[in-house]
Number of protein chains: 2
Amino acid sequence: MTEQEIAAVLERAEHLCRGRGARLTQQRRTVLRLLCASDKPLSAYELLDRMRGCIKNPAPPTVYRALDFLLEHGLVHKLESLHAFVGCAHPEHTHAGQFLICSDCGDVSELEDSAVAKSLQAAGKAAGFRMTRPVVELIGTCAHCDGGKQT
Amino acid sequence: MTEQEIAAVLERAEHLCRGRGARLTQQRRTVLRLLCASDKPLSAYELLDRMRGCIKNPAPPTVYRALDFLLEHGLVHKLESLHAFVGCAHPEHTHAGQFLICSDCGDVSELEDSAVAKSLQAAGKAAGFRMTRPVVELIGTCAHCDGGKQT
DNA sequence: TAACGAAACGTTATAAAATAACGCGCATGT
DNA sequence: ACATGCGCGTTATTTTATAACGTTTCGTTA
Ligand SMILES: [Zn+2]
Ligand SMILES: [Zn+2]
Ligand SMILES: [Zn+2]
Ligand SMILES: [Zn+2]
């Protein structure tokens with residue numbers, strides 16, 4: 001994410017939290033900013049390392065508490081298969097992320113495919129299941145890494 | 001899974017491995033059996049505890065190695081969002097599991113919804129992504145726990 | 001059958017991810 | 001000022017997963 005995009009995300013996060021009566025504290029803002037600034041998903045402990053620059057002596061609960069808050073408010077996503085987190089670029093409307101994860105280069109991109117969302121919804125409904133959080137992570141090789149090797 | 005179903009799964013696993021020149025050793029068979037016999041997904045360490053009855057002094061690598069083998073051969077699935085494992089009841093044809101995970105009762109059921117599979121395939125293809133392993137875990141409330149509270 | 005190489009396994013140690021527990025201090029509203 | 005709740009610091013611990021290395025077992029071949 002570019003500096004400007006990050007600034008925009010922080011701005012929107014601010015508004016969103018204010019509207020909900022939630023407090024986007026310094027630490028939470030820092031974690032969100034670091035995740036947005038990273039070109040790859042960060043584990044809680046990588047995040048912890050990067051926080052050392054901004055916050056004095058952070059410990060695991062520091063980062064996990066911030067992440068819990070940001071997850072609750074839909075400002076970040078957790079990639080279960082990687083034990084890592086990414087900032088969400090589109091937090092304004094609630095959405096469940098769908099992710100393409102390249103196992104070659106580590107690149108992750110977020111989808112919001114309505115056909116996928118609908119089929120999941122339908123599959124759940126058919127089983128009488130009330131879905132609260134779909135986890136969709138497609139692991140494979142991205143277009144760049146596939147490099148025309150496959151037709 | 002009933003005793004008979006477990007026996008059938010073990011039988012088929014045996015054939016499948018023989019056909020591939022893979023060795024379904026005692027430990028691997030034990031892990032598969034324990035997973036099938038459990039009424040809920042088991043973490044590696046729960047599995048480790050249950051192995052103590054059958055195998056002398058098992059250590060973490062013991063169970064993780066068996067799990068790696070069984071995962072490779074599609075005999076078990078890993079639930080990424082739970083850090084837990086389940087036996088697969090339909091290992092004969094390769095398939096990527098789709099799971100409904102009830103956060104109330106912990107019950108997990110495996111789906112194989114072709115509409116979901118197709119939409120995922122299509123979404124990946126549209127992004128030039130070559131998918132090797134889809135992770136689909138729908139977290140919510142099962143029909144039983146929902147208990148007619150919601151229409 | 002004896003020798004060989006690969007795969008499986010035992011064992012110890014360590015890394016990585018996540019949470020528990022407890023008290024302090026600050027923001028907010030009365 | 002006071003009470004209440006939330007956020008946070010801090011320490012310790014639990015849970016999940018892997019590294020490393022030597023030994024055994026198994027199938028193959030000389
Ligand atoms: Zn998002
Ligand atoms: Zn890639
Ligand atoms: Zn299956
Ligand atoms: Zn349930």
Side-chain angles (χ1 to χ4, degrees), chain A residues 13-14 17-32 34-35 38 40-52 54-73 75-86 103 106 135 137, chain B residues 13-14 17-32 34-35 40-52 54-73 75-86 103 106 135 137 139:
Chain A
E14 204 78 61
C17 287
R18 210 183 301 280
R20 294 178 187 171
R23 289 159 61 189
L24 186 61
T25 63
Q26 192 56 50
Q27 303 192 21
R28 292 166 177 174
R29 194 181 353 259
T30 298
V31 168
L32 179 55
L34 287 172
L35 280 178
S38 171
K40 68 177 186 83
L42 296 178
S43 77
Y45 284 76
E46 287 169 336
L47 209 35
L48 193 51
D49 284 340
R50 300 193 184 195
M51 286 172 77
R52 293 188 206 293
C54 328
I55 285 174
K56 64 149 201 172
N57 199 31
T62 308
V63 63
Y64 279 107
R65 288 198 275 234
L67 286 169
D68 285 346
F69 175 89
L70 296 170
L71 285 167
E72 264 175 32
H73 290 279
L75 297 167
V76 306
H77 296 293
K78 175 169 190 179
L79 301 172
E80 297 286 350
S81 65
L82 297 180
H83 305 286
F85 302 84
V86 290
S103 43
V135 171
E137 300 176 12
Chain B
E14 205 77 63
C17 287
R18 210 183 301 281
R20 293 178 186 171
R23 291 159 59 189
L24 186 62
T25 63
Q26 192 56 50
Q27 303 192 21
R28 291 165 177 175
R29 193 180 355 261
T30 299
V31 168
L32 179 55
L34 288 172
L35 280 178
K40 66 175 186 88
L42 296 178
S43 77
Y45 284 77
E46 287 169 335
L47 209 34
L48 193 52
D49 284 340
R50 300 192 183 196
M51 287 172 77
R52 293 189 206 290
C54 327
I55 285 173
K56 65 146 203 175
N57 199 30
T62 307
V63 62
Y64 278 106
R65 287 197 276 234
L67 286 169
D68 285 346
F69 175 89
L70 296 170
L71 285 168
E72 263 175 31
H73 290 279
L75 298 167
V76 306
H77 297 292
K78 176 168 189 181
L79 300 172
E80 296 286 351
S81 65
L82 297 181
H83 304 286
F85 303 83
V86 290
S103 44
V135 171
E137 301 176 13
I139 300 170

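All chains are named by letter (A, B, ...) in the order of the sequence lines, taking the proteins before the strands, and each is independently numbered beginning at 1. Side chains included, hydrogens not; waters and symmetry mates left out as well; all remaining heavy atoms used.
Picking from C:dA18, D:dG7, D:dT10 the nucleotide with the shortest atom distance to the side chain of A:H83 gives C:dA18. You'll find that the side chain of B:T25 is closest to C:dA8, out of C:dA8, C:dT11, C:dA18. In this structure, the nucleotide among D:dG9, C:dA18, C:dT11 sitting nearest to the side chain of B:A59 is C:dT11. Considering only the side chain of A:R28, D:dC8 comes nearest among D:dC8, C:dT11, C:dA18.
The phosphate of C:dC9 (OP1 or OP2) has no side-chain N or O of B:Q26 nearer than 4.0 angstrom. For C:dT28, neither phosphate oxygen OP1 nor OP2 lies less than 4.0 angstrom from any side-chain nitrogen or oxygen of A:R23. Contact annotation: A:K78 does not reach the phosphate of C:dA17 (side-chain N/O to OP1 or OP2, under 4.0 Å). Distances shown here put every side-chain N or O of B:N57 at or beyond 4.0 Å from the OP1 or OP2 atom of C:dG10.
We find that B:E72 and B:R20 are not joined by a salt bridge, their nearest charged nitrogen and carboxylate oxygen being 4.0 Å or further apart.
A straight line from CG of B:L24 to P of D:dG27 spans 13 Å, rounded to a whole angstrom. When rounded to the nearest whole Å, the span between CE of B:M51 and C1' of C:dC9 equals 11 Å. Atom CD in A:Q27 sits about 9 Å away from atom C1' in D:dG9, given to the nearest Å. Atom CZ of A:R18 is separated from atom C1' of C:dT28 by 15 Å (rounded to the nearest Å). Rounded to whole Å, atom P of C:dA15 lies 16 Å from atom CG of A:L48. Atom pair A:E46:CD and C:dA18:P shows a separation of 12 Å (rounding to whole Å applied). Across the protein-nucleic acid pair, A:E80 atom CD and D:dA17 atom P stand 12 Å apart, rounded to whole Å. A:R20 has its CZ atom 18 Å from the C1' atom of D:dC6, to the nearest Å.
The salt bridge (Lys or Arg N to Asp or Glu O under 4.0 Å) pairs that include a residue from residues 55-69 of chain A number zero, where partners must be two or more places apart or lie in different chains.
Checked options B:L34, B:L67, B:L42; the residue passing with B:F85 is B:L67 (criterion: side-chain contact (heavy atoms from CB on, under 4.5 Å)).
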- [ ] For A:M51 and A:V63, run side-chain contact (heavy atoms from CB on, under 4.5 Å): C-alpha distance rounded to whole Å, both residues' side-chain angles, the deciding distance at 0.1 Å, then the answer.
- [x] CA-CA 8 Å; A:M51 286 172 77; A:V63 63; 4.0 Å; yes

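Looking at every heavy atom in both residues, A:L32 comes nearest to A:A13 through CD2-CB, 3.7 Å.
Heavy-atom distances to DNA chain C give each of B:K56 and A:L82 a nearest nucleotide, and the one nearer the 5′ end belongs to B:K56.
Inter-residue side-chain proximity for B:T25 and B:T30 is flagged as unmet; no heavy-atom pair is nearer than 4.5 Å. Counting heavy atoms from C-beta on, the side chains of B:E137 and A:E137 never come closer than 4.5 Å.
Ring geometry for B:Y45 versus B:Y64: interplanar angle over 60°, hence perpendicular rather than tilted (30 to 60°).
Heavy-atom distances under 4.0 Å link DNA chain D to A:P61, A:T62, A:R65 of residues 60-72 of chain A, given in residue order.
For A:Y45 against C:dA15, a side-chain-to-base donor-acceptor contact under 3.5 Å is absent.
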